[in-house]
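The chain is numbered in sequence order, starting from 1.
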Amino acid sequence: MRPWLAFLQALVFLLSPPAGAEEDSGLRGTLASYPNPSASPLSNFTPNSVSGSGSRSGSTFRGAGGSSYGYGWSSGSHSSSGYRSGSRTQSSNFTGSQDAHGTCLCSVALPDTAFPVERVERLESTALILSQKFERELSKVKEYVQLISIYEKKLSNLTVRVEIMEKDTISYTELDFELIRLEVKEMKKLIVQLKGSFVGSSDIVDQLEVEIKNMTLLVEKLETLDKNNVLTIRREIAILKKKLKECEASKVENVPAALPRPVPGSCAHRGVANISKPAVVQLNWRGFAFKYGAWGRDYSPQNPDKGLYWVAPLNTDGKLLEYYRLYNTLDDLLLYLNAREYRILYGQGGGTVVYKNNMYVNWYNSRTIAKVNLTTSTAAVTQTLPDAAYNNRFSYANVDWQDIDLAVDENGLWVIYATEASTGNMVISKLNDTTLAVLNTWYTKQYKPSVSNAFMVCGVLYATRTLNTRTEEIFYYYDTNTGKEGTLNIIMHKMQETVQSINYHPFDQKLYVYNDGYLLNYDLVFEQEEPQ
């Protein structure tokens, strides 16, 4: 047997499909062969001679003596024949033919093992799209988690306030209920937003929605069960006052016009003559447990009407001032919006005040005063207050850690304190707000631990004392302009038992009072100067 014929038979054996395999599977290989090898020598093969239905590509093999034979990729058709002059013979294993010139052609169909590049690219593209969608949804979930955390805290704070209203025996104004309604309304909006865009399990959102609905019903119930019918009585009183004014106007002719209030920020008056009822702004943002602290409004003579609002509750120990918040407007403070929160670790007591965009505090465990830059929350200047007692040596009655009480009025920055040399009597010093140096000092005869709190107006010290759980009295004054001191009898109502701090704002002509965690303010009424 010739060597090339043995090679060809071996190739046919290797490429033959197993018995019973389907001929149309696309994997059958067919190879050209010779029914009569002697009739058609391989020397008649031409290179790259390839045939077969649906063939994709072809290659040739070159045999001994320069003979060549070829194979091609086939689509799997098997209706082909063996070699015969001008005709084709059927073979179950391969396809072969001989053209008119005697050239023998053969084709082999091998399995399609091409790498599925297009499918892999589609898979990669799909995976990328899914990854991007997942990242977007994950960012939404993180945002919702943060919002839910914030509003859970607000809801907890609101729950505490409502519980207090349920248990306490005092009356509440319409403002109290209105503030709570605003907070509940804000949380309702958030729930609607979350439910509209939250995908998947929303058990937390549903639970919050139920709690907010319960809170709304409870507030409405509390308002209708107002224990002393305060709202109804106040409306009736307002109607009676209006009728009384009309009656007086009809009986009295040529009534002289009331004297105008002094210009904000000026001292064109003869001192404090009376004080309004308290307006309850809200509970401090840290909650009912934070009973000690201070709050107010920044005052700057250059921009007296543009001061920001600040709230500085002490930690629950009633001593350390660690966190404070700033609000640009009163509306932001009322709605807990746009707050800027800062942290310091050296403030002590509720004698804090803000003046010209700087916060002034008593440095922790010392007689030092610190000037804190509100923008950077860093101590810009520190200065020791000479001979000042500290750490509860001569603090106010029922208020700890306020031996050094800073104050602001139309004339600038003041400090109220006591010394060992004064045997606990109140000392007043005027400070340079830039260097904190003492400019002048006045000594009073009023014992500081018998005073519940104090504030400055136009260079005059006003001191308060506790009459009962609902009433304070402005009972003492010391005028640094004349050196005179004396007694007063101005009743000051309060919401809770203890007044922790009082700050005066010259432009607003209001007192900002921190009362057992609640933020109150009062309008001052001044005795007018007699017209010239």
Side-chain angles (χ1 to χ4, degrees), residues 157 161 175-176 179 275-276 278-300 306-316 318-344 347-362 372 374 377 396 399 401-402 404-409 413-414 416 452-457 464 472 492 494-524:
N157 186 8
R161 291 168 61 188
L175 177 61
D176 297 319
L179 289 175
I275 190 171
S276 71
V280 182
V281 176
Q282 63 180 196
L283 185 69
N284 78 89
W285 96 87
R286 300 189 71 184
F288 183 72
F290 296 83
K291 293 180 177 292
Y292 291 82
W295 84 292
R297 189 181 182 193
D298 178 26
Y299 176 67
S300 174
K306 298 186 182 299
L308 52 79
Y309 292 84
W310 56 275
V311 183
L314 304 181
N315 286 356
T316 52
K319 182 178 181 180
L320 178 64
L321 170 57
E322 185 175 3
Y323 295 98
Y324 65 90
R325 279 188 177 182
L326 305 178
Y327 302 87
N328 288 331
T329 66
L330 183 60
D331 288 341
D332 285 348
L333 188 151
L334 289 171
L335 299 175
Y336 298 99
L337 295 176
N338 305 317
R340 303 190 300 278
E341 186 171 318
Y342 299 92
R343 185 187 186 197
I344 58 177
Q348 176 171 300
T352 305
V353 75
V354 175
Y355 181 57
K356 293 183 179 179
N357 203 40
N358 291 290
M359 177 177 282
Y360 297 86
V361 301
N362 176 204
V372 181
L374 290 180
S377 188
Y396 290 128
V399 180
W401 315 111
Q402 205 170 144
I404 296 175
D405 184 15
L406 293 145
V408 168
D409 71 354
L413 181 64
W414 302 81
I416 304 164
S452 60
N453 229 282
F455 58 95
M456 299 292 296
V457 177
T464 63
E472 295 278 307
M492 177 179 172
K494 55 188 177 181
M495 182 176 177
Q496 296 290 327
E497 183 174 355
T498 307
V499 171
Q500 279 78 20
S501 69
I502 302 176
N503 284 307
Y504 170 67
H505 192 275
F507 186 83
D508 293 346
Q509 296 178 342
K510 290 178 180 289
L511 296 183
Y512 290 85
V513 177
Y514 198 97
N515 180 201
D516 276 339
Y518 286 89
L519 313 183
L520 315 181
N521 62 31
Y522 299 77
D523 290 314
L524 290 180

Side-chain donor-acceptor contact under 3.5 Å, Gln496 with Asn515: no

Between Arg297 and Gly307, is there a donor-acceptor pair closer than 3.5 Å when you use the side chain of the first and the backbone of the second? yes

Checking Glu472 against Ser452: is there a side-chain donor and acceptor pair closer than 3.5 Å? yes

Side chains of Asp405 and Tyr396, heavy atoms from C-beta outward: is any pair under 4.5 Å? yes

Heavy-atom pair of closest approach, residues Asp516 and Phe288: O-CE1, 4.4 Å

Is a side-chain N or O of His505 found less than 3.5 angstrom from the main chain of Gly296, in a donor-acceptor match? no

Can you confirm if the aromatic rings of Tyr342 and Tyr324 lie within a centre distance of less than 6.0 Å? yes

Look at the side chain of Gln282 and the backbone N and O of Leu334, then say whether any donor-acceptor pair between them is shorter than 3.5 Å. yes

Asn362 to Leu406 - nearest heavy-atom pair and separation: N-CD1, 4.4 Å

Do Trp414 and Tyr355 come within less than 4.5 Å of each other through their side chains, counting heavy atoms only? no

Centroid separation Trp295 to Tyr512 less than 6.0 Å: yes

Measuring from atom OG of Ser501 to atom CG of Leu314, what distance do you get when rounded to the nearest 0.5 angstrom? 8.5 Å

Let me confirm one number: the CD-CD1 distance from Gln402 to Ile416, rounded to the nearest 0.5 Å. 9.0 Å

Taking Asn284 for the side chain and Phe290 for the main chain, is one N or O donor matched with an acceptor at less than 3.5 Å? yes

Leu321 vs Val361 side-chain heavy atoms within contact, under 4.5 Å: yes

Taking all heavy atoms of Val399 and all of Val499, pick out the closest pair and write down the distance. CG2-O, 3.5 Å

Is there side-chain contact between Asn338 and Tyr327, with heavy atoms separated by less than 4.5 Å? no

A side-chain contact here means heavy atoms from C-beta on lying under 4.5 Å apart; do Val457 and Gln509 qualify? no

Heavy-atom side-chain proximity of Val311 to Leu519 below 4.5 angstrom: yes

Scanning both residues in full, the closest heavy-atom pair of Ile344 with Ser377 reads CG2-OG, 3.5 Å

Any Leu511 side-chain heavy atom under 4.5 Å of Asn521 side chain: no

When rounded to the nearest 0.5 angstrom, what is the spacing between OG1 in Thr329 and CG in Leu335? 8.5 Å

Is it true that a side-chain atom of Asp523 and a backbone atom of Lys510 form a donor plus acceptor pair closer than 3.5 Å? no

Ignoring hydrogens and angles, state whether a donor on the side chain of Asn328 or Tyr309 is under 3.5 Å from an acceptor on the partner side chain. no

Pair listing, salt bridge (Lys or Arg N to Asp or Glu O under 4.0 Å) test, anchored in residues 323-341, at least two apart: Arg325-Glu341

For the pair Gln500 (side chain) and Pro313 (backbone), establish whether a donor and an acceptor sit closer than 3.5 Å, ignoring hydrogens and angles. no

Any donor and acceptor pair, going by atom type alone, linking the side chain of Ser300 with main-chain N or O of Lys356 inside 3.5 Å? no

Shortest non-hydrogen contact from Pro278 to Leu520? CB-CD1, 4.2 Å

Can you tell me how far the NZ atom of Lys319 sits from the CH2 atom of Trp401, to the nearest 0.5 Å? 4.0 Å

Within this structure, what is the NZ-OH distance for the pair Lys494 and Tyr522, rounded to the nearest 0.5 Å? 8.5 Å

Heavy-atom side-chain contact between Asn503 and Trp310 under 4.5 Å: yes

Value for OH (Tyr504) from CE (Met456), rounded to nearest 0.5 Å, stands at 11.5 Å

Polar side-chain atom of Thr464 near backbone of Asn453 as donor-acceptor pair, under 3.5 Å: yes

